[in-house]
There are 2 protein chains.
Amino acid sequence: MNENIAESQPSVSELRRDRERAELTERIMDAAREMFVREGYEAVTLRKIALAVQYSPGTIYQYFKDKGALVRAIIRRDSQDLREHLLEEFTLENPVEQLVEMARRYAAWGIAHPNHYRLMLVPPPAWAEQDRELHEHQHTPLERQLLSVLHVVVKNAIERGSLKAKYTEPALVAATLWAGIHGAVLLEIGMATNDRALIGGTDTPFEARFNTLKEVFLDGFLKDEAKPAQ
Amino acid sequence: MNENIAESQPSVSELRRDRERAELTERIMDAAREMFVREGYEAVTLRKIALAVQYSPGTIYQYFKDKGALVRAIIRRDSQDLREHLLEEFTLENPVEQLVEMARRYAAWGIAHPNHYRLMLVPPPAWAEQDRELHEHQHTPLERQLLSVLHVVVKNAIERGSLKAKYTEPALVAATLWAGIHGAVLLEIGMATNDRALIGGTDTPFEARFNTLKEVFLDGFLKDEAKPAQ
DNA sequence: GTATACTCTAAACGCTGTTCAGGAGGCGAT
DNA sequence: ATCGCCTCCTGAACAGCGTTTAGAGTATAC
């Protein structure tokens, strides 16, 4: 044992062990993610996850403290992915256009992955109780991350004088924007999963609702002279 | 046995039996509602409910088919209550004012009863699978009911010419309004339950967010000459 | 070769929702 | 008054859940 040296270099077997550990961690998360997204949180059992990765149930507990920690780890990673997806390839220097495009990406993602969306953004307070874990390592909940991303862009728009004079507080504007988009996505998800040939055809396609929301927000927030050309 | 008469009048003991059945049904629902609202769906066990009403667990199953049916029955009843609360005492003949007041009541109710709100409006797809039950007896899901209430008032506003000319479809406007309010309520609920002294004080009170949403919707939807006096 | 550290498993625990055979007791008919 | 019926309710049981733990098995370190 070379404990005498305070922090010695890791041996080759230690390296392999660490790598194998990381790989199994990954395999578990991947299998669990797929099941959570397909069947929802409480329909997925640890035993099924263990079966999928071909280990005994107890083994999972050497990689994740409990079922909640597993789902939280998945959420943490996927939140980061969504966040990067929203910010990807932005060369638009116009913050208003950027906001519209981000909203479009966000909504498209949520509708394409309804269970995933619910998992990350509508946590039943069950697993949120010990969310120390989610907050640590500069990991604020996704909702917060999104708000702070919006905050930056909105602040940019305000500084350029695109918004009406009465909207001076970026946090307020960002929260309003996010509330609208979030509500629209949830409405679409709910209607898509709950309804099969429901009452009279008063239904409207999501595209139309999204555009209405966009119009209203643009008309409501922007100065008349700052509105984009039709 | 008086089977010869097709439908005879119920005997006195039958009446008492039916009444007692209805009373116990009520007691179960009341106890369960309180627990669901306080602790959330999956934290409440049938055994605890049975204990609260002082019957054995099996007895519950003579009154409700299973746990999902019980919570669905509660949701059905409370949905009606909320719906009536929103429409209560309306003498306002101005549909725009009515919409604002309804939104205010709705948001206040949701924030005052966060668990109740989530229970009724953000069902994890678990118990929504067999929602035949929720749809029957002209009971559409609450979300639908709210949209149709909004639909009527919005249609009224459109017919009075209060909205900009490009908004001709009440369903579209109603969906947008509801999405915004729903999102705002969920954001408030999430921030209130998740956060205890979080990152920098970028927080805004709900009142301010609600007013911003109101301003934007009024500015966005209404003709300039139809806006209420400040 | 022996001791050590680690990983994984099998079994068990207490809990859950749910089912079911059977006891208890009031009711209507004889 | 007695008999059978019908309803309500219970206690025990079942399978499945998340989770814990003692220990077998194996690779590493000395």
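These numbers come from the heavy atoms of this one structure, side chains and all, not from hydrogens, waters or symmetry mates. The sequence lines fix the lettering, A, B, ..., with proteins before strands; numbering per chain opens at 1.
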Heavy atoms under 4.0 Å, any strand shown: does [X] hit a base, just sugar-phosphate, or nothing?
| X | answer |
| --- | --- |
| B/Val12 | nothing |
| A/Ser56 | base |
| A/Arg47 | base |
| B/Tyr63 | sugar-phosphate |
| B/Ile60 | nothing |
| A/Thr45 | sugar-phosphate |

(message) Looking only at side-chain N and O atoms, does A/Tyr106 offer a donor or acceptor that is under 3.5 Å from a partner on A/Tyr117?
(response) yes

What is the distance, to the nearest angstrom, from the [atom1] atom on [X] to the [atom2] atom on [N]?
| X | N | atom1 | atom2 | answer |
| --- | --- | --- | --- | --- |
| A/Lys67 | D/dG16 | NZ | C1' | 12 Å |
| B/Gln62 | C/dG23 | CD | P | 17 Å |
| A/Tyr55 | C/dT7 | OH | C1' | 9 Å |
| A/Glu23 | C/dT7 | CD | P | 14 Å |
| A/Leu46 | D/dT19 | CG | P | 6 Å |
| B/Lys65 | C/dC20 | NZ | P | 14 Å |
| A/Arg21 | C/dT7 | CZ | C1' | 9 Å |
| A/Ile49 | D/dG18 | CD1 | P | 8 Å |

(request) Please confirm whether B/Lys67 makes a cation-pi placement over B/Tyr41, using NZ or CZ under 6.0 Å from the six-membered ring centre and within 45° of the ring normal. (result) yes

(message) Does the Lys NZ or Arg CZ of B/Arg21 fall within the cation-pi geometry relative to B/Tyr63 - under 6.0 Å from the ring centre and within 45° of the axis?
(response) yes

(request) Report the residue (A/Gly58 or A/Lys48) whose heavy-atom-nearest nucleotide on DNA chain D is the more 5′ of the two. (result)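 Nearer the 5' end of the strand: A/Lys48.
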
(message) Given 3.5 Å as the limit, does a donor-acceptor pair link the side chain of B/His113 with the main chain of B/Trp109, or not?
(response)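 Checking the backbone N and O of B/Trp109 against the side chain of B/His113, a donor-acceptor pair under 3.5 Å is found.
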
(request) Taking only the side-chain heavy atoms of B/Tyr61 (C-beta and beyond), determine which of D/dT19, C/dG17, D/dC9 contains the nearest atom. (result) C/dG17

(request) Sort out for me which residue in B/Leu186, B/Val122, B/Leu121 forms a side chain to side chain contact (heavy atoms under 4.5 Å, CB included) with A/Leu186. (result) B/Leu186

